[in-house]
Amino acid sequence: MPELPEVETTRRGIAPFCEGQAIHRIKIRNGRLRWPVPGDLAARMEGETIRSVERRAKYLFLNLDHGTAIVHLGMSGSLRIITGDTPAGKHDHIDLVLESGVTLRFNDPRRFGCWLWADSASAHPLIASLGPEPLSPEFNGRMLFQRSRSRNTPVKSFIMDSHVVVGVGNIYANEALFKAGIHPGRKAGRISLDRYRCLVEAIRETLSAAILMGGTTLRDFVNSDGKPGYFAQSLLVYGRAGEPCPECGTALKEIRMGGRSTVYCTRCQR
DNA sequence: CTTACCGCCTGTCGGC
DNA sequence: TGCCGACAGGCGGTAA
């Protein structure tokens with residue numbers, strides 16, 4: 001399941017093959033994604049050159065001459081570079097054939113991903129109201145503290161809110177809260193400035209380490225080479241309910257919060 | 001505005 | 001062995 005580190009890993013993997021390349025052809029085999037792929041997407045993209053591949057939150061931007069294709073990998077999506085004549089599989093929904101002969105192939109079994117068109121990506125409704133990037137200076141303890149004062153919601157839900165900060169998905173929220181020693185159910189408005197500073201550092205460390213390791217492969221994430229990431233073995237609490245806490249040995253507890261698996265140490269996290 | 005919950009999807013897994 | 005329901009989850013949308 002691609003979170004920010006997986007999307008960034010994908011971006012770094014595909015950018016060298018895409019940037020500067022003209023799009024010769026697009027094959028849309030199944031356009032029924034989270035939102036239907038726009039009927040005119042192929043016409044807008046064919047013949048354009050990919051000027052750059054950017055990431056904002058978990059969205060990838062294929063910046064073309066006259067607009068941007070906004071791509072989201074959803075839960076199960078991947079973008080791979082195909083060099084040979086590999087036949088398309090069941091869930092290979094979209095191919096971009098580039099002038100070099102290489103194909104950028106979008107695979108997404110659960111079809112929670114999307115391909116959309118925007119004349120200006122930053123002005124697109126999905127993008128315009130997003131919070132800051134977690135690895136940018138705009139994301140810091142003071143800002144989290146201020147924005148949380150009136151909030152009654154659990155801190156885990158708060159940091160997973162993309163209007164607060166982007167790119168903190170379920171796995172990394174669990175990990176960061178453990179590192180910071182904060183109970184996931186604690187009300188966001190009842191956490192001190194110092195503890196928010198600690199949490200920000202934990203989020204940064206967790207995401208950075210995961211990017212360095214090529215992301216987390218739990219079930220089906222593969223990078224642009226089709227290889228898995230290696231951060232899963234570094235996870236401290238996610239997926240480890242019942243196992244001993246790496247700090248104190250107490251059995252890690254799992255609860256559901258907003259429908260999502262939440263794992264924490266009842267002793268270390270307050 | 002805030003908060004909680006729904007639903008889109010398919011592969012996987014546990015129970016019978 | 002096979003069937004079937006539960007579950008996983010990003011995240012926009014909607015209802016309260």
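The sequence lines fix the lettering, A, B, ..., with proteins before strands; numbering per chain opens at 1.
For T153(A), whose side chain is taken as the heavy atoms from C-beta onward, the closest listed nucleotide among dA8(C), dG10(C), dA4(B) is dA4(B). Closest to the side chain of F112(A), from the set dT2(B), dT10(B), dC8(B), is dC8(B). Side-chain proximity of R111(A) to dT10(B), dT2(B), dG10(C): nearest is dT10(B).
R32(A) comes within 4.0 angstrom of no nucleic acid atom, judged by non-hydrogen atoms across all strands. Residue contacts for S157(A): at a heavy-atom cut-off of 4.0 Å it reaches no nucleic acid atom on any strand shown. The residue D108(A) sits apart from the nucleic acid: no heavy atom pair falls under 4.0 Å.
Side chains of E254(A) and T262(A) form no contact here, defined as non-hydrogen atoms less than 4.5 Å apart. Looking at C18(A) and L98(A), their side chains come closer than 4.5 Å, going by heavy atoms from C-beta outward. Proximity of T86(A) to T103(A): side-chain heavy atoms (C-beta onward) are nowhere separated by under 4.5 Å.
Between E254(A) atom CD and dC7(C) atom P there is a gap of 11 Å when expressed in whole angstrom units. Between the CG atom of N107(A) and the C1' atom of dG11(B) there is a distance of 12 Å, given to the nearest Å. Atom CG in L116(A) sits roughly 19 Å away from atom P in dG10(C) (whole-Å rounding). Put simply, NE2 on H91(A) is 13 Å from C1' on dT12(B), counting in whole angstrom units. Between the P atom of dC9(B) and the CG atom of N30(A) lies a distance of 10 Å, rounded to the nearest Å. A straight line from CE of M257(A) to C1' of dC5(B) spans 15 Å, rounded to a whole angstrom. When rounded to the nearest whole Å, the span between CE of M75(A) and C1' of dT12(B) equals 12 Å. Distance F158(A) CZ to dT3(B) P: 9 Å, rounded to the nearest Å.
Checking side-chain atoms of N107(A) against main-chain N and O of G89(A) turns up no donor-acceptor pair under 3.5 Å. One N or O on the side chain of S76(A) and one on the backbone of R110(A) form a donor-acceptor pair closer than 3.5 Å.
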Notebook entry, point to check: After noting the C-alpha distance and the side-chain angles of D95(A) and R29(A), does the key distance pass the salt bridge (Lys or Arg N to Asp or Glu O under 4.0 Å) rule?
Noted result: CA-CA 8 Å; D95(A) 277 0; R29(A) 298 186 193 82; 2.6 Å; yes
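Checked against side-chain contact (heavy atoms from CB on, under 4.5 Å), H93(A) has the following partners two or more places apart in sequence or in another chain: N30(A), L33(A), H91(A), F106(A), D108(A), R111(A).
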Taking only nitrogen or oxygen atoms into account, show me every contact under 3.5 Å that the protein makes with nucleotides 11-14 of chain C, one pair per line with its distance.
from	atom 1	to	atom 2	distance (Å)
dC11(C)	OP1	H72(A)	NE2	2.2
dC11(C)	OP2	K58(A)	NZ	3.3
dC11(C)	O2	R34(A)	NH2	3.4
dC11(C)	N4	R260(A)	NH2	2.7
dG12(C)	OP1	Y59(A)	OH	2.9
dG12(C)	O4'	R34(A)	NH2	2.9

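With respect to the salt-bridge test (charged N to carboxylate O, under 4.0 angstrom), the residues E205(A) and K179(A) qualify. Between D65(A) and R51(A), at least one side-chain N (NZ, or NE/NH1/NH2) sits under 4.0 Å from a carboxylate O, which counts as a salt bridge.
OP1 and OP2 of dC1(B) both lie 4.0 Å or more from every side-chain N or O belonging to R151(A). For R110(A) and dC8(B), the shortest distance from a side-chain N or O to OP1 or OP2 is not below 4.0 Å. A sub-4.0 Å separation between OP1 or OP2 of dG11(B) and a side-chain N or O of K90(A) is present.
The C1' atoms of five pairs define one axis at each end of the helix from dT2(B)-dA16(C) to dC16(B)-dG2(C), and these two axes lie 50° apart (to 10°).
Annotation: cation-pi pair R149(A)/F145(A) present, NZ/CZ under 6.0 Å from the ring centroid and within 45° of its normal.
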